[in-house]
Enquirer: 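Attaching a single structure in structure tokens format; questions to follow.
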Amino acid sequence: MLLPKKVKHRKMQKGRNRFRAFDTRGTELNFGTFGLKALSEAWLTSQQLEAARKAIAYTLRQEGKVWMRVFPDKPITKKPPEVTMGGGKGSVEYYAAPVKAGRIIFEIDGVSEDKAREAFRLAASKLPIKVAFVKE
């Protein structure tokens, strides 16, 4: 499971996404020939990203190279069930990567387009958002 080695603050505020619906950075392919682009915004958990990465690795079978362009570094807290209000913020449950529309999530290079499409199709089924296949 993906999580940061060290964090400055253990708990983080939720934050609001008021100003921009689309991401302005990380929207173009930098490493590979094919990419998986987010079409909506969400918090992608470390479990979802790892499942998608494993699906891609299984399809490629030691062929080509894969880059993950997002990393889950936002701690998401949760209070235990049946606990009354108050008593402070809950403990960290998992880590998530905030992703906006337009962001490239994965990149692949060194494989055919058919194989890349199949790998990204399987990876997309593991993610809770709509994604698009992009190529250079």
Side-chain angles (χ1 to χ4, degrees):
M1 190 164 64
L2 298 166
L3 62 139
K5 288 180 188 167
K6 188 178 176 184
V7 290
K8 187 170 184 180
H9 301 290
R10 195 165 45 96
K11 297 173 183 177
M12 189 184 284
Q13 291 184 340
K14 260 185 202 160
R16 296 286 177 269
N17 192 8
R18 294 184 202 147
F19 304 109
R20 236 179 243 128
F22 296 98
D23 220 341
T24 54
R25 46 197 197 96
T27 58
E28 295 174 4
L29 296 173
N30 288 338
F31 304 102
T33 315
F34 309 107
L36 193 67
K37 183 182 260 197
L39 297 179
S40 58
E41 58 182 52
W43 285 347
L44 300 181
T45 68
S46 56
Q47 289 95 339
Q48 291 164 348
L49 289 169
E50 183 65 13
R53 188 197 63 77
K54 280 185 175 180
I56 292 170
Y58 177 78
T59 309
L60 297 184
R61 306 244 183 193
Q62 304 287 323
E63 204 180 318
K65 178 133 174 67
V66 180
W67 290 270
M68 189 176 355
R69 296 281 306 274
V70 295
F71 187 80
D73 57 357
K74 183 181 186 69
I76 308 300
T77 60
K78 197 172 182 184
K79 293 191 88 161
E82 299 182 19
V83 173
T84 57
M85 297 285 280
K89 194 172 173 84
S91 59
V92 175
E93 279 295 303
Y94 60 92
Y95 285 87
V99 173
K100 291 182 187 176
R103 182 82 176 196
I104 301 287
I105 303 171
F106 290 102
E107 289 188 33
I108 293 178
D109 198 16
V111 295
S112 66
E113 185 175 341
D114 295 336
K115 202 155 202 171
R117 276 190 190 275
E118 178 61 19
F120 284 149
R121 185 187 67 77
L122 290 173
S125 67
K126 309 291 183 193
L127 299 174
I129 57 174
K130 288 192 174 188
V131 291
F133 178 82
V134 292
K135 63 180 180 178
E136 256 182 3

Enquirer: Tell me whether Leu60 shares a hydrophobic cluster with Tyr58, the cluster being built from Ile, Leu, Val, Met, Phe, Trp, Tyr side chains joined at under 4.5 Å.
Expert: no
Enquirer: Would you mind reporting whether Pro80 and Val83 have side-chain heavy atoms less than 4.5 Å apart?
Expert: yes
Enquirer: Could you work out, with side chain to side chain contact (heavy atoms under 4.5 Å, CB included) as the rule, every residue matching Pro128, not counting sequence neighbours?
Expert: Leu44, Gln48
Enquirer: Could you pull out all residues at least two apart from Lys8 that satisfy side chain to side chain contact (heavy atoms under 4.5 Å, CB included)?
Expert: none
Enquirer: Applying salt bridge (charged side-chain N to carboxylate O under 4.0 Å, His left out), which residue pairs with at least one partner in residues 65-74 are found, sequence neighbours left out?
Expert: Arg69-Glu107
Enquirer: May I ask you to list the residues sharing a hydrophobic cluster with Leu29, side-chain cutoff 4.5 Å, ordered by chain and number?
Expert: Ile104, Val134
Enquirer: Apart from Leu39 itself, which Ile, Leu, Val, Met, Phe, Trp or Tyr residues share its cluster (side-chain heavy atoms under 4.5 Å, direct or through members)?
Expert: none
Enquirer: Per the side-chain hydrogen bond (donor to acceptor under 3.5 Å, both in side chains) rule, what does the pair list look like for residues 77-96, sequence neighbours excluded?
Expert: none
Enquirer: Minimum heavy-atom separation for Pro4 and Pro72, please, with both atom names.
Expert: CD-O, 3.6 Å
Enquirer: State which residues pass side chain to side chain donor-acceptor pair (under 3.5 Å) with Glu113; sequence neighbours excluded, sorted by chain then number.
Expert: Arg117, Lys135
Enquirer: Flag yes if Val66 and Met68 sit in one hydrophobic cluster, no otherwise; membership is Ile, Leu, Val, Met, Phe, Trp, Tyr, and two members link when side-chain heavy atoms are under 4.5 Å apart.
Expert: yes
Enquirer: Going by side chain to side chain donor-acceptor pair (under 3.5 Å), name the residues that satisfy it together with Glu118, two or more places apart in sequence or in a different chain.
Expert: Arg121
Enquirer: Tell me, please, which residues at least two apart from Thr33 pass side chain to side chain donor-acceptor pair (under 3.5 Å).
Expert: Asp109
Enquirer: Show the numbers, then the answer: is there a side chain to side chain contact (heavy atoms under 4.5 Å, CB included) between Leu127 and Leu36?
Expert: CA-CA 11 Å; Leu127 299 174; Leu36 193 67; 4.1 Å; yes
Enquirer: Are Phe71 and Phe106 linked, directly or through intermediate hydrophobic residues, by side-chain heavy-atom contacts shorter than 4.5 Å (ILVMFWY only)?
Expert: yes
Enquirer: When you compare the side chain of Asp23 with that of Val99, does any pair of heavy atoms fall below 4.5 Å?
Expert: no
Enquirer: Going by the rule salt bridge (Lys or Arg N to Asp or Glu O under 4.0 Å), which residues pair with Lys115 if we only count those two or more places apart in sequence or in a different chain?
Expert: Glu63
Enquirer: Phe120: which residues meet the ring pair (Phe, Tyr, Trp, His ring centres under 6.0 Å) condition with it, sequence neighbours left out?
Expert: Phe133
Enquirer: Output the distance between atom OG1 (Thr27) and atom CZ (Arg25), rounded to the nearest 0.5 Å.
Expert: 10.5 Å
Enquirer: As a quick check of understanding, evaluate side chain to side chain contact (heavy atoms under 4.5 Å, CB included) for Ile108 and Val111, giving each step before the final call.
Expert: CA-CA 7 Å; Ile108 293 178; Val111 295; 3.3 Å; yes
Enquirer: If you group Ile, Leu, Val, Met, Phe, Trp and Tyr by side-chain heavy-atom gaps below 4.5 Å, do Ile129 and Val70 land in one group?
Expert: yes
Enquirer: Name all pairs fulfilling the salt bridge (charged side-chain N to carboxylate O under 4.0 Å, His left out) condition that reach into residues 30-39, sequence neighbours left out, sorted by first residue then second.
Expert: none
Enquirer: Against Leu2, only a single residue in Gln47, Arg53, Glu50 fulfils side-chain contact (heavy atoms from CB on, under 4.5 Å); can you say which?
Expert: Glu50
